[in-house]
Amino acid sequence: MKTVVALAIATLSLCACQREEQREIVSVSGRMFVFNYRVATATYLVTLQPTAPIREGSSIEASFENPRGGEAFTINEPLFPKSPKIVLQSPPVECVKEGRAYRVTIRLKAPDGHVMQTIDTSITSDTDQSLLPAKPLVVGPLYTPNPEVFKADGSMDMGAAAGCPTG
């Protein structure tokens with residue numbers, strides 16, 4: 001009987017330690033899609049607010065759902081303990097639909113690599129990416145009109161990205 005009681009106490013002690021590791025270190029302070037019409041890109045943007053000290057050598061990993069389908073986009077960034085905020089931006093994405101929620105998973109990692117906090121959230125766009133041109137409107141450092149969009153005959157090709165899922 002004493003063995004069972006000792007085992008139960010040990011198990012509860014281990015559970016308490018795990019909960020302590022998953023305490024809140026950062027909180028989400030902002031999330032949105034950023035549409036840059038000039039270069040015809042859309043990206044996820046998430047801002048986090050530190051709520052506890054961040055140890056030197058910590059890092060953050062964020063996985064962004066791929067609106068086109070397939071593998072999620074994942075980024076890994078070092079964290080700087082004295083930063084007043086953390087900004088995470090995805091690589092350019094295609095096929096963002098207005099009103100659909102897209103998953104974002106964020107993992108805050110200690111210097112030794114173990115996960116200290118996980119945040120599961122979503123971002124819903126208020127704009128459909130079909131309004132964004134498929135090709136950049138300008139090219140080069142002088143903002144030269146893109147000849148693939150603005151044709152020599154005066155016509156414009158402002159078509160949206162092709163092959164996007166319908167759902």
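Not measured: the values here are computed from a predicted model. Numbering starts at 1 and runs along the sequence shown. Side chains included, hydrogens not; waters and symmetry mates left out as well; all remaining heavy atoms used.
In this structure, F35 and V96 have side chains that are in contact, with non-hydrogen atoms separated by less than 4.5 Å.
Between P67 and P165 the shortest heavy-atom distance is O-CG, 3.6 Å. Annotation for E24 and A52: closest pair O-CB, 4.0 Å, computed over non-hydrogen atoms. The two residues V46 and I106 make their nearest non-hydrogen contact at CG1-CD1, 3.9 Å.
Note: Y102 and F33 have perpendicular aromatic rings, judged against thresholds of 30 and 60 degrees for the angle between ring planes.
In the hydrophobic clustering of ILVMFWY residues, with side-chain heavy atoms under 4.5 Å counting as a link, M32 and V87 come out together. Clustering ILVMFWY residues whenever any of their side-chain heavy atoms sit less than 4.5 angstrom apart, transitively, puts Y37 in the very cluster that holds Y44. Note on M116 and V28: same hydrophobic cluster, where clusters join Ile, Leu, Val, Met, Phe, Trp and Tyr whose side-chain heavy atoms are under 4.5 Å apart, directly or indirectly. With hydrophobic clusters built from ILVMFWY side chains whose heavy atoms lie under 4.5 angstrom apart, F73 does not share a cluster with L45.
A donor-acceptor distance shorter than 3.5 angstrom exists from the side chain of Q117 to the backbone of I25, with no hydrogens or angles considered. At distances below 3.5 Å, at least one donor-acceptor pair connects side-chain atoms of S29 with backbone N or O atoms of T47. Looking only at distances, a side-chain donor or acceptor of Q129 sits under 3.5 Å from a matching main-chain atom of V93.
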Show me the donor-acceptor pairs, under 3.5 Å and distance only, between side chains in residues 74-86 and residues at least two apart or in other chains.
unit_1 : atom_1 : unit_2 : atom_2 : d
T74    : OG1    : S63    : OG     : 3.2

Extract all donor-acceptor atom pairs below 3.5 Å that involve side chains of residues 133-154 and protein atoms in other chains or at least two apart in sequence.
unit_1 : atom_1 : unit_2 : atom_2 : d
K135   : NZ     : D157   : OD2    : 3.3
N146   : OD1    : E148   : N      : 2.9
N146   : ND2    : P136   : O      : 2.7
K151   : NZ     : E148   : O      : 3.1
D153   : OD1    : S155   : N      : 2.9
D153   : OD1    : S155   : OG     : 2.6

* **Candidate pair N36 and T43, rule side-chain contact (heavy atoms from CB on, under 4.5 Å), full reasoning** => CA-CA 9 Å; N36 185 327; T43 57; over 6 Å; no
* Verdict with reasoning, V104 to R31, per side-chain contact (heavy atoms from CB on, under 4.5 Å) -> CA-CA 10 Å; V104 178; R31 58 184 181 251; over 6 Å; no
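The distance from atom OG of S90 to atom CD of E65, rounded to the nearest 0.5 Å, is 12.0 Å. Atom OG1 in T127 sits 10.0 Å away from atom CG in L132 (nearest 0.5 Å). L48 CG to I54 CD1: the interatomic distance, rounded to the nearest 0.5 Å, is 8.5 Å.
R103 CZ: 12 or fewer foreign heavy atoms inside a 6.0 Å radius. Remark: M158 CE is packed, more than 12 non-hydrogen atoms of other residues, nucleotides or ligands lying under 6.0 Å away.
Under the side chain to side chain donor-acceptor pair (under 3.5 Å) criterion, S125 pairs with no residue at all, not counting sequence neighbours.
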